[in-house]
Amino acid sequence: MTTPRTIVVGGGLAGLSAAHTALENGAVVVLLDKKPALGGNSVKASSGINGAGTAAQKQQNITDSPEEFYNDTVASARDLARSHLIKALTDSSVPTLEWLTTNFGVDLSLVAQLGGHSVPRTHRGKGGAPGWAMTSALVKKLEAQPDRATILKGAKVVRLLQEGGRVTGVEYEVGGQKKTEEGSVVIATGGYAADYAEGGYLSQFRPELLAVPTTNGDHATGDGHRLAVSIGGALCDMDQVQVHPTGFVDPKDPGATTKFLAAEALRGVGGILIDKLGARFVDELERRDTVTEKMQEVVKGGRAPIRLLLNPQAAKTLEAHVGFYKSKGLMREYESAAAFAEDAKIPLPNLRDTFEAHTAYAQGTAKDLFGKMNFTNASYSLDEPLLVAEMTPVVHYTMGGIVVDEDARVLDTDGSPIPGLFAAGEAIGGVHGRNRLGGSSLLEAVVFGRIAGKSSTGQ
């Protein structure tokens with residue numbers, strides 16, 4: 001029996017998950033990435049990965065289920081919800097997290113509540129960014145299997161090879177030479193949230209976003225989408241681009257077109273958003289699209305800058321994140337909220353009213369005007385230290401992409417699978433509909449990476 005060969009295009013978390021799963025199913029693997037290092041945007045993911053009904057949730061007395069997760073995801077996706085893809089995502093969350101913890105030793109013991117989720121289900125470890133923890137662990141283990149896994153960096157795939165309608169391999173460029181590899185192909189090249197080129201996907205589908213900064217690395221230019229289209233693959237939802245509400249405005253370079261993401265976990269652990277007068281204007285744990293919309297209203301109303309505030313309790317909960325942001329000069333610590341108010345020229349009574357009201361909402365003695373129901377580390381005081389950062393919306397994630405079925409097979413424009421071609425991660429479209437929930441990008445990467453890896457071996 002011939003040993004199956006799987007070619008993975010892209011070295012982020014989806015591609016790495018596909019590679020490992022193909023190995024588990026008896027294949028030999030060639031992984032190609034156009035950049036000099038693996039990881040893609042996955043290494044920067046900082047809020048966590050979703051799981052519904054996990055051991056960590058049970059240890060913290062959090063009641064959850066795949067059905068509840070499915071319902072939250074459908075509500076977020078709205079009229080673009082595709083039940084077969086959402087079910088594949090949500091039903092697989094528990095075994096996916098177990099695969100990461102058992103096979104790769106990834107710590108996912110902490111659980112937080114993010115926007116649009118009915119319960120806390122976004123998992124991370126006690127260290128730094130969970131995306132880095134997962135991706136680096138998978139890279140390390142893949143590099144330890146050189147007899148069965150070949151990793152080619154700086155190798156850009158330029159063409160899919162076909163024979164009799166089946167994808168049989170790739171042509172790629174490396175070191176100024178063109179070479180080929182044979183095997184089934186998994187496209188895991190990420191999205192197009194940095195495709196700012198003239199005639200690129202952003203200019204085609206969302207030209208108004210060309211003036212908005214991005215959190216994405218320069219690799220996220222839709223390469224895999226173009227490969228799929230070149231042989232008849234279909235795309236969907238290409239106008240669905242997530243503008244994340246909170247990107248850091250760097251005081252040293254406020255006009256930078258690429259910005260660090262302020263993890264949604266900052267709001268999940270108790271961070272609040274205020275306008276230039278010190279007033280809140282939104283439920284900080286609403287869906288990302290809703291928070292972004294409210295922020296844009298604040299800016300249009302002349303009430304910018306928008307700032308994120310963290311009290312000492314919230315900051316301690318995300319100590320590693322906060323330490324990183326402070327080291328980059330993105331977040332400033334004040335000895336007291338009163339000192340911040342003086343520096344920012346915010347009337348002290350305004351800030352006092354905001355803090356007292358937020359505490360009352362958390363205690364249940366008053367109802368939040370914006371409908372906030374979930375409160376963590378909710379008490380703010382004028383006398384305590386305060387961490388502050390300026391925020392701006394940023395192009396973050398592309399929900400549109402390559403059309404696949406629940407087996408991660410790439411479909412053509414007639415809805416039929418293209419033999420030998422699979423896709424996973426942000427390269428695929430249709431999983432999130434109109435809005436992606438925080439914590440579901442890493443989950444999608446691993447879930448559909450594993451599905452694609454297995455499917456590519458014929459199992």
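The analysis underlying the following values was restricted to heavy atoms, covering all of them including side chains, and did not include hydrogens, waters or symmetry mates. Everything numeric here is computed off the predicted structure, so don't read it as measured data.
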Roughly how far, to the nearest 0.5 Å, is OG1 of Thr90 from CG of Leu437?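 Nearest 0.5 Å value for the CG-OG1 distance: 11.0 Å.
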Please list, one pair per line, the donor and acceptor atoms closer than 3.5 Å that link side chains of residues 30-43 to other protein atoms, with sequence neighbours excluded.
| from | atom 1 | to | atom 2 | distance (Å) |
| --- | --- | --- | --- | --- |
| Asp33 | OD1 | Lys35 | N | 2.8 |
| Asp33 | OD2 | Gly11 | N | 2.7 |
| Lys34 | NZ | His219 | O | 3.2 |
| Lys34 | NZ | Thr221 | OG1 | 3.2 |
| Lys34 | NZ | Asp223 | OD2 | 2.7 |
| Lys35 | NZ | Asp218 | OD1 | 2.8 |
| Asn41 | OD1 | Gly217 | N | 3.1 |
| Asn41 | ND2 | Asn216 | OD1 | 2.8 |
| Ser42 | OG | Leu13 | N | 3.0 |

Scan the side chains in residues 160-173 for donor-acceptor partners under 3.5 Å anywhere in the protein, sequence neighbours excluded, and list what turns up.
| from | atom 1 | to | atom 2 | distance (Å) |
| --- | --- | --- | --- | --- |
| Thr168 | OG1 | Leu161 | O | 3.4 |

Examine the side chains of Glu426 and Thr398 and answer whether a donor and an acceptor come within less than 3.5 Å of each other.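 Present: a donor and an acceptor within the cut-off.
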Give the C-alpha distance, both sets of side-chain angles, the deciding distance and a yes or no for side-chain hydrogen bond (donor to acceptor under 3.5 Å, both in side chains) between Gln242 and Asn435. CA-CA 7 Å; Gln242 182 166 80; Asn435 181 69; 3.2 Å; yes
Can [X] and [Y] be counted as an ion pair, charged N to O under 4.0 angstrom?
| X | Y | result |
| --- | --- | --- |
| Glu182 | Arg5 | no |
| Glu143 | Lys141 | no |
| Asp79 | Arg434 | yes |

Can you sort out the partners of Ser65 under side-chain hydrogen bond (donor to acceptor under 3.5 Å, both in side chains), two or more places apart, ordered by chain and number?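 Result, side-chain hydrogen bond (donor to acceptor under 3.5 Å, both in side chains) vs Ser65: Glu67.
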Taking side chain to side chain donor-acceptor pair (under 3.5 Å) as the cut-off, I'd like each qualifying pair that reaches into residues 444-454, sequence neighbours left out, listed once.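 Listed by first then second residue: Tyr397-Glu444, His432-Glu444.
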Name all pairs fulfilling the side chain to side chain donor-acceptor pair (under 3.5 Å) condition that reach into residues 116-125, sequence neighbours left out, sorted by first residue then second.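 Every side chain to side chain donor-acceptor pair (under 3.5 Å) pair that includes a residue of residues 116-125, provided the two are not neighbours, is Asn50-Thr122, Thr54-His123, Asp64-Arg121, Asp72-Ser118, Asp72-Arg121, His117-Arg121.
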Sequence neighbours excluded, every pair satisfying ring pair (Phe, Tyr, Trp, His ring centres under 6.0 Å) that has a member inside residues 88-110: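 Sorted result for residues 88-110: His20-Phe104, Trp99-Phe104.
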Centre-to-centre under 6.0 Å for Tyr192 and Phe205, is that the case here?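 When the ring centroids of Tyr192 and Phe205 are compared, they turn out to be at least 6.0 Å apart.
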Decide yes or no for Leu273 and Val298: does some side-chain heavy atom of the first lie under 4.5 Å from some side-chain heavy atom of the second?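 No, every pair of side-chain atoms sits at 4.5 Å or beyond.
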With a 6.0 Å cut-off (strictly less than), is the heavy-atom count around NZ of Lys300, excluding the residue itself, greater than 12?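 For Lys300, atom NZ is not crowded (no more than 12 foreign heavy atoms under 6.0 Å).
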